[in-house]
A.B. asks: 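Dumping the structure here so I can ask a few things about it.
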Amino acid sequence: MTTTAAPTTAPTLDDLREGPPTVSIERAAEYLGVSRAYGYRLAQNGHIPTIRLGARRLRVPAAALYKLLTEGETQTT
């Protein structure tokens, strides 16, 4: 017996705009089209804006992620 996985669709900008005010690092990585591990690396290096909730929980503000996706990363010198 063979099974077929349901096709997964990439999240859209509309999903991001209409969703909760923050998303997980994993969800942010999905929006960016990168792996979960690379998403955490980007957050650790400051390429994805994050806020810390408690001692261990990191969240990505949806508005900041939307801006990153639509305008790109800004260069600071």
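Below, all heavy atoms of this structure are taken into account, side chains as well, without hydrogens, waters or symmetry copies.
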A.B. asks: Main chain of A55, side chain of R52: is a donor-acceptor contact present, judged purely on distance under 3.5 Å?
C.D. replies: yes
A.B. asks: Do you know which two heavy atoms are closest between A29 and G39, and how far apart they sit?
C.D. replies: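 Closest pair (atom of A29, atom of G39, distance): CB-CA, 4.1 Å.
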A.B. asks: To the nearest 0.5 Å, how far apart are OG1 in T70 and CZ in R17?
C.D. replies: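 Rounded to the nearest 0.5 Å, the OG1-CZ separation comes out at 9.5 Å.
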A.B. asks: Any donor-acceptor pair under 3.5 Å linking the side chain of N45 with the backbone of L42?
C.D. replies: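 Absent.
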A.B. asks: Starting at CD of E30, measure out to OG of S24 and round the result to the nearest 0.5 Å.
C.D. replies: 7.0 Å
A.B. asks: Side-chain contact, heavy-atom cut-off 4.5 Å: T22 with V60?
C.D. replies: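 They are not in contact (no side-chain heavy atoms under 4.5 Å apart), so the answer is no.
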A.B. asks: What closest approach, in Å, do R59 and P61 show between heavy atoms, and which atom pair accounts for it?
C.D. replies: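 Here R59 and P61 meet closest at O-CD, 3.8 Å.
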A.B. asks: Specify the closest pair of heavy atoms between A64 and P49, including all atoms of both residues, with the distance to one decimal.
C.D. replies: CB-CG, 3.4 Å
A.B. asks: Do the side chains of L58 and I51 get nearer than 4.5 Å, heavy atoms only?
C.D. replies: no
A.B. asks: So how far is it from L32 CG to Y38 OH, rounded to the nearest 0.5 Å?
C.D. replies: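 Those atoms lie 9.5 Å apart.
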A.B. asks: Looking at every heavy atom in both Y31 and L16, which two are closest together, and how far apart are they?
C.D. replies: OH-N, 3.2 Å
